[in-house]
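Scope of the values below: all heavy atoms of this structure, side chains included, with no hydrogens, waters or symmetry mates. Below, chains carry the letters A, B, ... as their sequence lines are ordered, and counting in each starts from 1.
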Amino acid sequence: MPTVATKSPATLTGSFTPEAFAAHLARVAHLPAWWLDRKRAAYARFAALPFPKRTDEGWRFASLGGLTLDGFAPPATVDFKQTAHREIGVTGAGTLLLANHKLVFHEPISPGLAARGLIFDTLQNALLQHSELVRAHLLTQPSKLGSEKFAALHEAFLEDGAFIYVPKNLEVELPLGVFHYAAGAGAAVFPHTLIVADDHAKVTIADFFRSSHEAEVQFACGGNDIHVGHGANVTYVAMQDWSRESLSFQFNATVVRRDARVLSVNLHSGARQARHESFSQLQAPGAHSEMLALTIAHGTQEFDQRTLQIHQAPNTSSNLLYKNALLDQTRTIFSGLIVVDPDAQKTDAYQSNRNLMLSSDAEANSLPGLEIQANDVRCSHGATSARIDAEQEFYLQSRGIAKPQADELLVFGFFEEVLSQIQNQELHDQLAAIIRRKFKDN
Amino acid sequence: MKPPTELSGTTVDNPVIGIDQSKGDFQYDVKYEFDAGTGLSERTIDYISAAKKEAAWIKEFRLNALKVFQSKPMPTHWATKDLENINFDKIRYYLASGQKPKRSWDEVPEDIKRTFERLGIPEQERKFLAGVEAQFDSEAAYSNIKDLVAKQGVIFCNSTEALREHPEIFRKWFGKVIPTGDNKFSALNSAVFSGGSFIYVPPGVKVAHPLQAYFRINAENFGQFERTLIIVDEGAEVTYMEGCTAPKFSTATLHSAVVELVALKGAKIQYITVQNWANNVFNLVTKRGLAHEEAEIKWIDCNIGSRLTMKYPGVILKGRKARGEVLSIALANDGQHQDTGAKMVHAADETTSNIIAKSISVGQGRSTYRGLVHIPRHLKGCKNNTECDALLINTNSRTDTYPAITVRGDLNATQHEASVSKINEEMIFYMQQRGLTEAQAMSLAVNGFINDLARQFPMEYSVELKRLIDLEMEGSVG
């Protein structure tokens, strides 16, 4: 077996050669110098860092064979009318649609909200108009979960994305929708959504990731930053539905301040191999983070989810629930860690991974971890992997419901606990539609 | 960074107040007739092999293991960096008093008897525990239950004797459950092992009395590398107990054992350990059992002493309906890291396993649970239950939990639960109201926390365990 670590420097970058990076820099040369400097530094890190090795704890159980970066290229500008966008359907406070990094559709926020200071724009516009605000929040948190190399690649090649700033005390009732499309075979995309909610602000963001065609081989290396100010309330719903031939990385960093609350729901449906890293920091008393995820795995898909919840202050709480439904020959990996810092007394943290095994060839790996350095805490975790309850199975069979329909019903029953957390009915239906389509396509 | 408690006021040399260190804190002059010096090379192995008059295949086995040991890196990509503090060149790898194992109490040398005195085994109990196999440094010094069980056809001897006298029985399984290359420390043990117990129980024989062995380390910088292999034939049963105390030294010392259990069809093995090494010992042990059809292997593992313990008793469930169980208690005080856990590898249908781990962290002690449950493809009816509970006594005590669970297919089920808590204040208040001191109350609460596991220990072990917890808790409050 060839070890990736010993590859020559050239192959450490795959398609993302210094020439490709220079071409990228030329495309974004009009952006602020600090950002270009950071991109150069990120590219240097990316090019120097080795590929993950078998012995890396952060990659335990993951398939390393499919992590190749060869054969990708910056995507061509697409005529958006060619792409399938039939299901863009959140009637929200605003919509941004980026296809291959280019803004192709924009439903602006109401003048009223804009007058009150809400910013909902592309990342490039924000970099030009709100440089310091972006600088203070964009990719400021370290990558700690094993993908330093790919996170650096994301920063280096990040071309455009979405920026949301909710000023103090502003409550945005309807969701803001961000759509990231990838189109064309071999397309490499680097979507990013940056959310900054100032003190006592409230907002809901829906982040969609989709390919124009199911069979295209693509590379998606995306990220999102969520900054939740004192007393603010952020709901973030991400729907990863890349083509079934793509390799996907998603990096999340969430910072939660005093008495703030964040609810994040991640639906993982697409990609051949998808890795999601989520890093939550509870920085001040009263902070609460709700981390929910649903994975629906078909065929030979592999979903690798790594999470870290750090409680840095007393009286913080977090609740993580990751539910995976495994069909066919799929693999899932859940590796979570709750860290309670020495002085974070009265922490209340929970972490749970539930795997519903719907096939005799599926494989679920669970690594629920705890690192606790304070004694007056409530911390627990649970992990289960099993098929459905025999009685439920009998009930379905005795009514003559065929296996595919039964599986679909069971998955929806299994996911309901998470789906019901999404208050907005339209968003709820969007998620359900993605899950349902998965069963139809298979 | 130390918490501002009385703990920090005590001497640096002995941060673990409360524990009766003096109990194991002794060192008598012993004439080491065979002393391989310090450091590890092929010459060390030549020396050990010659001293033991070993067969050529064993020497070959050792030399091969040495190469594996030298080629393997330290597992610090997942384990604590504290391992880097082991200086392999300063360790003595072999010592033996050169005596033949003794047959009766009268034949045991006076200085060794004194050692037992200090271990605190009462005169009465010594007679009762007629089968104590006391490992004095590398070699077994005393054994007499042997004769008793020999009547049932049981073979109970040390590794050297077993491989010399009964190769037809032991060679088949030796190094098979834990291959040399399993990990760096199993390779080290395979290179320099001496002492330990080899046991064979014939088919259908149920050994009524638990077989016992005490291990100690009694020379500065002297690593002890005992090797144990227990083979229980079809339908037979045995319980083995291992307890250790060690003298306290100023420089670190290393203990690295390999314990292999083989339970043939329908056999039952229960292996009980109470580990109480001094606080400067690295205790890096590989323990694994192989359970054939309908066999049952149960590890009861209690870790109180040592500077760093890394030990994850495991069971390979090889035959249909085999059962594995690990019950683990760990207590970590200042300067200690108990990195313990369990491994369950399901390799046949309808195999079941259960892991219950409880840990207590006192002062700045750190306890870690590390577990592995593996259910490969195309099996059915496999079940695992894992429960880990951690109790944190002081504000900055530390605990970690790192399980790894792999399940393939939809015909198996696993569940894992872990919780972290502190002692219930109401409970302490209730007891203090009734006239108990805080330390007594804490001690009762901690004993309550592990009670359901402690009950599974044999009487004398659970009594000793309770006493040790009392002593540990005295230093933890105030």
Side-chain angles (χ1 to χ4, degrees), chain A residues 53-58 60-61 326-327 329-343 345 347 349-389 393 407, chain B residues 1 3 73 75-79 361-364 366-380 382-423 425:
Chain A
K53 292 187 298 294
R54 176 64 45 214
T55 50
D56 290 347
E57 270 301 284
R60 201 166 164 195
F61 298 119
L326 293 91
L327 294 104
Q329 288 98 48
T330 51
R331 296 183 81 229
T332 61
I333 301 141
F334 166 76
S335 173
L337 186 62
I338 297 176
V339 173
V340 177
D341 281 356
D343 296 314
Q345 300 290 358
T347 287
Y350 190 66
Q351 179 197 60
S352 176
N353 170 222
R354 310 266 172 240
N355 299 308
L356 178 63
M357 311 298 289
L358 291 163
S359 146
S360 59
D361 292 319
E363 175 187 316
N365 298 281
S366 267
L367 298 132
L370 303 173
E371 282 180 6
I372 315 291
Q373 298 184 69
N375 74 330
D376 191 5
V377 300
R378 268 186 35 179
C379 286
S380 53
H381 67 208
T384 55
S385 298
R387 65 186 293 142
I388 49 143
D389 183 67
E393 194 178 15
D407 283 351
Chain B
M1 196 175 69
T76 41
H77 63 280
W78 59 270
S361 305
V362 187
Q364 299 208 63
R366 176 178 176 192
S367 58
T368 301
Y369 170 83
R370 223 179 272 278
L372 180 126
V373 173
H374 190 78
I375 303 182
R377 207 173 292 260
H378 301 312
L379 293 183
K380 56 178 190 287
C382 300
K383 289 189 175 70
N384 166 267
N385 174 57
T386 304
E387 292 167 39
C388 314
D389 293 317
L391 192 62
L392 298 171
I393 303 294
N394 298 98
T395 35
N396 281 2
S397 303
R398 171 165 186 181
T399 184
D400 318 304
T401 312
Y402 306 110
I405 306 148
T406 300
V407 181
R408 291 181 182 156
D410 59 343
L411 302 172
N412 307 300
T414 62
Q415 56 180 23
H416 170 101
E417 262 186 280
S419 74
V420 176
S421 57
K422 65 167 195 165
I423 287 181
E425 273 163 27

Choice from Ala374(A), Ala386(A), Pro368(A), Ser380(A) maximising heavy atom contacts with chain B below 4.5 Å: Pro368(A)

Which portion of Gln345(A) sits near chain B, non-hydrogen atoms under 4.5 angstrom: side chain

Gln373(A)/Asn396(B) under side chain to side chain contact (heavy atoms under 4.5 Å, CB included): CA gap, chis, key distance, verdict: CA-CA 5 Å; Gln373(A) 298 184 69; Asn396(B) 281 2; over 6 Å; no

Chain B interface, residue from Ala362(A), Ser352(A), Gly382(A) that has the most non-hydrogen pairs under 4.5 Å: Ala362(A)

Pro403(B) side chain reached by Ser366(A) side chain, heavy atoms, under 4.5 Å: no

Test item: Asn375(A) side-chain N/O and Ile393(B) main-chain N/O as donor-acceptor pair under 3.5 Å: yes

Residue that, paired with Leu370(A), satisfies side chain to side chain contact (heavy atoms under 4.5 Å, CB included) out of Val420(B), Thr368(B), Asp400(B), Thr399(B): Val420(B)

Chain A contacts, top residue of Ile405(B), Asn412(B), Leu392(B) (heavy-atom pairs, under 4.5 Å): Ile405(B)

Distance, nearest 0.5 Å, that separates CG of Leu367(A) from NE2 of His416(B): 10.0 Å

Contact winner vs chain B - Thr384(A), Ile372(A), Ile388(A), Asp376(A), heavy-atom pairs under 4.5 Å: Ile372(A)

Residues in residues 353-361 of chain A near chain B [non-hydrogen atoms, under 4.5 Å]: Met357(A), Leu358(A), Ser359(A), Ser360(A), Asp361(A)

CZ-OH distance between Arg60(A) and Tyr402(B), expressed to the nearest 0.5 angstrom: 12.0 Å

CZ/Arg378(A): more than 12 non-hydrogen atoms of other groups inside 6.0 Å: no

Residue pair Arg387(A) / Leu411(B): nearest heavy atoms and the distance that separates them: NH1-CD2, 2.8 Å

Contacts of residues 330-340 of chain A with chain B (heavy atom under 4.5 Å): Leu337(A)

Winner by heavy-atom pair count (cut-off under 4.5 Å) against chain A, out of Ser421(B), Ala404(B), Ala390(B): Ala404(B)

Nearest-0.5 Å distance, CG of residue Asp410(B) to CD of residue Glu393(A): 8.0 Å

